[in-house]
Amino acid sequence: MAGFGDIRVAARAEWFMDQVAATGSLVIRRLGEDRAGEIAAHRFLSSPSASPEAVLDTLAERTARACAGRHVICVQDTSEINFSGRDRARRGLGPGGDGAAKGFFVHPQLAVDAEDEAVLGLLGARIWTRAEAKAGDRKTRGPEEKESRRWLEGAERAALVLPGAASVTIVGDRESDVYHLFAHCPEGVGLIVRAAQDRALEEGGRLFEALAAAPAEGRIEVRVAPRGPGDKGRTATVELRARRLRIARPQRLAAADAPESLALTLIEAREVDPPAGARPLLWRLLSREDIAPARAVALYRLRWRVEQLFRTLKRDGLRLEDTQLLDAPRLFLLAAAALGAAARIIQLVDARDGGPRPVEDALDPVLKPALRAVSASLEGATERQKNPHPPGSLSFLAWVCARLGGWNCYYKPPGPKTMAEGWTILAARLEGFMLAETLRDV
Ligand SMILES: [Mn+2]
């Protein structure tokens, strides 16, 4: 079963790799599926020095290096980790989205390259449990309002972590249509949000009518994601419209909290001639910058990467919802490590057929010689059985993980599960290699 065992090992591997990355030295501790490894993992997950923040900060450091000089899209989104029906004994977890099931929420910020769509890594994440809702809470400062702060915190996190990027654009779905985010998103950071609210405009009238008389600025094709099982998705032709305008501060917000109005660009992508029975695509995007409509749509479309991250976290790779851990603090730590692991699995699957990304996207440079040795040990006699990628490339690492995960060089290209299993084995082998080196030096 690729459930709890995998994740726990991945978390340990992650911890080991992060220790190496953070300190440049090897922390010697036994890994592996034996009793000592169990105790080590348990100790790590219970240790007061190990926190979700420490794991996320270490991952963010590596991501920041990969992002240097690039136009980075920070895609943020929320997903629920739901344990409904699995057990009732998990301690410290609040109700999930349906108000009844036990679960918690993750809200990661994922860095994606604006030009080639590469996943550059995790920038941060908020992980929390929703407090039991009390009657009357909604009117004052309800849990929803508190939770909505996560969008602004995520934007601030991205700006903090990525001073070296050429530029940063925050992208979020309709949940992130929050006045506070537009008002307080750090200066110099781009922001593209899908509009959910038909806001009042400073000039009078409503947002959703603001483009009714505007001429179309051209047409583009947009890939529409599948709506559910059996739907293959489709390609839609959309007409683009845009204009600069000012949205008014919602009445329930105090003057001290946010300015009276804000300048934004409204971009509309509206499908022309949708197929019979299909819901026509209509995206209304709000951008803080003055941006070409086709560019805004192209950047917003990169949100698919964070949806892929959640799939990897749950169904396709790490199966976080199957974990057997019982209490919230250790689950949160595990979730932080698993988010990093999910991003890495996507990077490895992307790189399996080659590509321009360097191995440093996923692995600390001090481990490169060890990686080469592991790769050589996996190669066979025929050309087909040799690692075909340059040693400094992410693809080189992907080949090694695929082989360790059980791929035989011949059949169907390796997917997320194979990569996850391969990485786990690789982390243990790298430790063995580094341990041997250390002992030789002594
Ligand atoms: Mn969402």
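Residues take their numbers from the sequence shown, with the count starting at 1. In listed order, ligands and their atoms are each counted from 1.
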What is the name of the N/O/S atom of Glu175 that is nearest to the Mn ion (ligand 1)? OE1
Only one of Arg126, Arg303, Arg150 passes salt bridge (charged side-chain N to carboxylate O under 4.0 Å, His left out) with Asp77, and that residue is Arg303
The Mn ion (ligand 1) to Asp77: nearest N/O/S atom name: OD1
Are any of the side-chain nitrogens in Arg305 or Asp350 under 4.0 Å away from the carboxylate oxygens of its partner? yes
For Asp173, the N, O or S atom at the shortest distance from the Mn ion (ligand 1) is OD2
Any Lys/Arg nitrogen of Arg301 or Glu117 sitting under 4.0 Å from an Asp/Glu carboxylate oxygen of the other? yes
With the threshold set at 4.0 Å, does a side-chain nitrogen-carboxylate oxygen contact exist between Lys368 and Glu360? yes
